[in-house]
Amino acid sequence: MSMTVHAKPSRPADTHQLALFTGILAAYAANDDAPLDNKTLYRMAVKQAGLPESVLDARVSIGGSHGHNLMTRKIRWFQQTLKAAGVIERIPGKRGLWKLTQPNKDKLNQIDTTLSVLGFSTRLGVAILGSCETFFKRIDTPVHLVVTSPPYPLQNSRDYGNPSEAEFVDWMCRMLEPVVKNLVPGGSICLNISNDIFIKGLPARSLYRERLILALHDRLGLYKMDELIWESNKAPGPAIWASKTRTQLNVAYEPVYWLTNDPSLVASDNRRVLQPHSKEHQKFIAAGGQKHRYESSNGAYVHLPGSYSAETKGKIPRNVIKIGNADFSQRAYKRMAIANGLPAHGAPMPLKLAKFLIEFLTKPGEVVVDPFGGSFTTPLAAELLGRAWMATELVAEYVLGGALRFKEFMGYQNHLKYAA
Ligand SMILES: C[S@@+](CC[C@H](N)C(=O)[O-])C[C@H]1O[C@@H](n2cnc3c(N)ncnc32)[C@H](O)[C@@H]1O
């Protein structure tokens, strides 16, 4: 996959920026969690970044003082930003010695949102440790489909945090805008969000979903193709309104909004996701279809004898998609993450759901994006279906945990090996 990364941050910027950054992380990783002094770090980082060691010898004058090396200054600057992002930490009581921060269940290491660090990659895709807003502003690769599930505006936030209900619409528009600018004409965006956000203290649902869809249309020019219903086997709830006050029903679904920038060119094709006919329907076809003339009471439709007798390749799926929350792939991911000392993501999407959307909305070779990578389910579905992919995720441990799902794929490289 060809991808252009425009490095335009305000501080040390050159064409080797991303490579140097990755080099620094790789140096810490290669040092097996032992403290790394700066001299060793400089040498290892430039080597890992594919630069000659001689770049460390050049000296320049800065502000009247002589003998400065620009490369070591850059490395130290990156080191500071990695520290600010919580990815590396100072060894207590030892000046100038740093090590990679170990994953901690109670405190996830979110990277500084101004940075984009290469996490892991395969022949088909690239996972970035960084904010979607920052990364997608810097790239101009055409995108065919976005399948994503952002943090929901929950009152009791999850480990990774979330925007409040009041800020959600503006926040989502800001996060999606850089991706939407790269969406090919007729490309799609699938957004899985929660229907179960209640007005504080009331059994009434927030209208944030409605406000979001209107804002995505008015501000980003996206059209609503459909609101798919993902029916799952969610745990009963909301406990207070369904089980305690008994004013609500138990929830059973989440919406998946399907949006496009150009409905006249939309690239969906339901022939890619046909489902097998039921046994009853197969029998019905084999028996010659409709037996007698049938007319609905208001005359709106008529079935003539012999209708529906032709063999078809399958059933066109309905827009209610029934898929259990936890599937085999997720369970395997959770086991692997825990076995590697990493926190398992608490809100992964079923692989089947991501696969269905990708097959319906793209052709092999096209580019699928997930700005909110989480456990990297969308990238995994894309990889399995031969689509190229890009994903961003703010939390270092989730990038590391997601990487475990890609080890078997062609060209796999993990650039953040430190916690394994
Ligand atoms: C609901 S989870 C996504 C789960 C994912 N669909 C899966 O299958 O695992 C949302 C994720 O977005 C991440 N996130 C939040 N803000 C982000 C940002 N600005 N850029 C990238 N990732 C972000 C969170 O850390 C969290 O892991």
Side-chain angles (χ1 to χ4, degrees), residues 1-7 14-33 36 41 43-52 75 78 82 85 87-88 99-103 109 111 115-132 134-136 138-139 141 329 332-333 336-337 339-342 345 365 367-371 373-420:
M1 181 181 60
S2 76
M3 183 176 72
T4 323
V5 177
H6 300 299
D14 62 31
T15 49
H16 295 299
Q17 168 146 314
L18 205 58
L20 190 58
F21 215 112
T22 318
I24 295 170
L25 283 167
Y28 279 105
N31 214 38
D32 254 358
D33 193 35
L36 194 58
L41 171 70
R43 266 203 339 274
M44 290 174 80
V46 294
K47 192 169 163 218
Q48 298 271 6
L51 299 170
I75 294 175
F78 282 134
L82 280 172
V87 179
I88 60 169
K99 71 177 179 70
L100 285 160
T101 309
Q102 284 308 297
N109 292 314
I111 193 159
L115 302 176
S116 298
V117 172
L118 192 54
F120 64 92
S121 52
T122 67
R123 194 176 57 81
L124 287 177
V126 45
I128 298 292
L129 169 60
S131 166
C132 51
T134 310
F135 179 71
F136 287 106
R138 293 182 191 163
I139 67 152
T141 303
S329 170
Y333 151 74
M336 275 191 298
N340 282 272
L342 293 163
H345 199 284
V367 178
V368 179
V369 158
D370 189 350
S375 65
F376 291 83
T377 311
T378 296
L380 179 61
E383 183 87 35
L384 290 166
L385 294 168
R387 272 69 167 174
W389 58 269
M390 286 184 282
T392 44
E393 168 56 53
L394 268 186
V395 176
E397 288 91 332
Y398 292 155
V399 178
L400 289 162
L404 300 169
R405 304 175 94 178
F406 290 79
K407 280 188 163 167
E408 310 305 326
F409 294 113
M410 200 182 292
Y412 170 80
Q413 275 191 318
N414 183 1
H415 309 274
L416 294 178
K417 289 191 194 97
Y418 65 92

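Values below: every heavy atom of this structure, side chains too, minus hydrogens, waters and symmetry copies.
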How far apart are the C-alpha atoms of L400 and N340, what are their side-chain angles, what is the distance that settles it, and do they pass the side-chain contact (heavy atoms from CB on, under 4.5 Å) test? CA-CA 9 Å; L400 289 162; N340 282 272; over 6 Å; no

What's the verdict on side-chain contact (heavy atoms from CB on, under 4.5 Å) for R123 and Y412, showing C-alpha distance, side-chain angles and the deciding distance? CA-CA 7 Å; R123 194 176 57 81; Y412 170 80; over 6 Å; no

Any chance you could lay out the side-chain contact (heavy atoms from CB on, under 4.5 Å) test for Y333 and L404, step after step, and finish with the verdict? CA-CA 8 Å; Y333 151 74; L404 300 169; 5.9 Å; no

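When all heavy atoms of P379 and D370 are compared, the closest pair comes out as CD-CB, 4.3 Å. Nearest heavy-atom pair across S116 and R138 is OG-NH1, 3.7 Å. Shown here for N414 and A403, the closest heavy-atom pair between the two residues is ND2-CB, 4.2 Å.
Applying the ring pair (Phe, Tyr, Trp, His ring centres under 6.0 Å) criterion to F409, with sequence neighbours excluded, gives F406. Listed by chain and residue number, E383 satisfy the side chain to side chain donor-acceptor pair (under 3.5 Å) test with T122 (two or more places apart in sequence, or in another chain). Evaluation of the side-chain contact (heavy atoms from CB on, under 4.5 Å) rule for S329 yields D327, L351, L380, R405 as partners, not counting sequence neighbours. Contacts of A127 classified as side-chain contact (heavy atoms from CB on, under 4.5 Å), with partners at least two apart in sequence or in another chain: F120, F376, W389.
I75 contributes atom CD1, which lies 11.5 Å from atom CZ of R43 (distance to the nearest 0.5 angstrom). The OG atom of S121 sits 13.5 Å away from the CE atom of M390 when rounded to the nearest 0.5 Å.
Counting heavy atoms from C-beta outward, I128 and V117 have side chains that stay 4.5 Å or more apart.
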